[in-house]
Amino acid sequence: MATPYTPTVHGTGVRATIQRFGGHLAGMIMPNIGAFIAWGLITALFIPTGWVPNKALAELVDPIIKVLLPVLIGYTGGRMVHAQRGAVVGAVATMGVVVGADVPMFLGAMIIGPLAALILKYVDRFTSERTRAGFEMLVDNFTAGIVGAVTAIAGVLAIGPVVEKFTDVAGSGVEWLIAHSLLPIASVIIEPAKVLFLNNAINHGVLGPLGVAESVKHGKSILFMLESNPGPGLGLLIAYLLFGPRSLRPSTPAAMIIHFFGGIHEIYFPYVLMKPRLILAVVAGGASGVLTFLVTGAGLVATPSPGSIFAYMAVTPKGGWFGVIAGIVVATAVSFAVAAALLGFGRANGDKADDPAQNAVPHDTDDTTTTSTSTSTSTSTSTSTSDDNRDTTGETAAESVPATKEA
């Protein structure tokens, strides 16, 4: 199903397949971006490290990120596959993965929402040919209920645990790189995992505890900055603002504010999902930022939560400003440069109106047609019969085309 967020991709190659897959993922996220912004504002304002900490209002953070947003994603994914019936079943199925896991189940919702809708779609095809007149509503309601219940149970027992296992494997990979002093390479795992909304699991489940242990010994730790660096996301959004599709440019300033100042990195993930090749930009930015942190000896005394520039400054040890700021700036610059190149510096953003070659075709065609018509009219005047007129016209028109091109 094509939407403004999942444009039609032609071809059957690997690149087209990846673009099509990323487009469908973005199609599940982008319609709900307002809910993400609402959650980001609540988080940035009311959590203990926020602008105006409020314990009562901060209670909204976990239910929204763990329940509401996954259900919205599952609902949208189901709707993309099988309209409203698929949306309802997708939302019900998503509750299974939400209940069966302790981490935000965005990835689980992206899997089970469309899957449940696809199952219902095939069930509807089977029952529509075998349902007697007058029993359509009864059959439709019961089939949707049965599919929703079964897929929700599958989410609790199967899909939820599988997604959690995937999270553990990704975290173990990062831990191995840390143990072997290959921190810049960690971005190869961290940045793609972030785009799949595993950022909190990696940061708070693996990097946070390890960073605390190192901070106790040395007074600071670079591990706090591997995932939370706002530079790669900021560079990507700046590239989108300057060179991305025109339909998306108006949304990027607000996203930059939420991301860089609010520390809500999830806001830029859909922009990567829309064009999966841009994962190279955030990987390059993240790796260059980590390398800069290593060279300058930068570190933080605690996890910056959320990962905003203000939180970074708040947990920077005395005298460590240069290294921290340098790492963020370098990551932003590298991510921007790579993303801008991958976007073709505005030439490959899919905006047909910006292509001058397309505007030249009608003009040339009109000139050729006008010349042909004029020549045909002159020739038809010099002939006496209608048959001779048609033959002469055809010959003259054929001869006028190359003459026009040479001119």
Side-chain angles (χ1 to χ4, degrees), residues 25-26 28-54 57-73 103-107 109-110 190-205 207-208 224-241 248 250-274 278 281-282 285-286 289 300 302-315 328 331-332 335:
L25 294 181
M28 286 185 270
I29 300 295
M30 290 302 292
N32 302 306
I33 204 69
F36 277 87
I37 292 176
W39 174 79
L41 291 173
I42 292 172
T43 302
L45 288 173
F46 303 123
I47 63 174
T49 56
W51 290 92
V52 284
N54 187 302
L57 296 178
E59 294 294 326
L60 291 168
V61 174
D62 275 357
I64 293 177
I65 192 69
K66 291 183 178 180
V67 180
L68 177 61
L69 293 180
V71 169
L72 285 175
I73 292 171
V103 297
M105 271 289 141
F106 296 102
L107 182 58
M110 292 179 184
I190 292 174
E191 297 301 333
K194 284 177 66 176
V195 173
L196 293 176
F197 296 91
L198 299 175
N199 52 319
N200 289 323
I202 291 177
N203 191 27
H204 300 294
L207 300 178
F224 293 129
M225 300 186 288
L226 296 187
E227 182 275 334
S228 60
N229 186 352
L234 179 62
L236 175 80
L237 291 173
I238 295 174
Y240 253 101
L241 176 64
L248 293 176
S251 68
T252 53
M256 284 190 285
I257 293 173
I258 294 296
H259 166 70
F260 191 67
F261 296 109
I264 310 306
H265 294 197
E266 288 86 349
I267 203 72
Y268 80 84
F269 299 168
Y271 292 88
V272 179
L273 293 176
M274 279 184 287
L278 293 179
V282 291
L300 301 179
T303 300
S305 178
S308 72
I309 186 63
F310 299 116
Y312 257 69
M313 296 299 100
V315 294
I328 296 174
T332 301
S335 178

Say whether, by atom type as modelled, one donor and one acceptor occur between the side chain of [X] and the main chain of [Y] under 3.5 angstrom.
| X | Y | answer |
| --- | --- | --- |
| Asn32 | Ala35 | no |
| Tyr312 | Asn229 | yes |
| Ser335 | Pro232 | yes |

Checking [X] now: which residues fulfil side-chain hydrogen bond (donor to acceptor under 3.5 Å, both in side chains) with it, not counting sequence neighbours?
| X | value |
| --- | --- |
| Ser251 | Tyr271 |
| Thr332 | none |
| Glu227 | Asn203 |
| His259 | none |

Nearest heavy-atom pair of [X] and [Y]: which atoms, and what distance?
| X | Y | result |
| --- | --- | --- |
| Pro230 | Gly307 | CB-O, 3.8 Å |
| Met256 | Leu237 | CG-CB, 3.4 Å |
| Ser308 | Gly262 | CB-C, 3.7 Å |
| His265 | Lys194 | ND1-NZ, 3.3 Å |

Once rounded to the nearest 0.5 Å, what's the spacing between atom [atom1] of [X] and atom [atom2] of [Y]?
| X | Y | atom1 | atom2 | answer |
| --- | --- | --- | --- | --- |
| Tyr268 | Leu278 | OH | CG | 11.5 Å |
| Glu191 | Leu236 | CD | CG | 10.0 Å |
| Phe46 | Leu57 | CZ | CG | 4.5 Å |
| Leu68 | Ile73 | CG | CD1 | 9.5 Å |

Residues in side-chain contact (heavy atoms from CB on, under 4.5 Å) contact with Leu60, at least two apart in sequence or another chain
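Testing Leu60 for side-chain contact (heavy atoms from CB on, under 4.5 Å), a comparison that skips the adjacent residues, returns Ile42, Ile64.
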The criterion is side-chain contact (heavy atoms from CB on, under 4.5 Å); which residues satisfy it with Pro63, sequence neighbours excluded?
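With neighbours one apart ignored, the set is empty.
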For Phe269 and Val282, what are the C-alpha separation, side-chain angles and deciding distance, and is it a side chain to side chain contact (heavy atoms under 4.5 Å, CB included)?
CA-CA 10 Å; Phe269 299 168; Val282 291; over 6 Å; no
Would you say Tyr240 and Leu248 make side-chain contact, with heavy atoms under 4.5 Å?
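Yes, at least one pair of side-chain atoms sits under 4.5 Å.
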Side-chain touch Glu266/Leu69, heavy atoms, less than 4.5 angstrom
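Glu266 vs Leu69: side chains apart.
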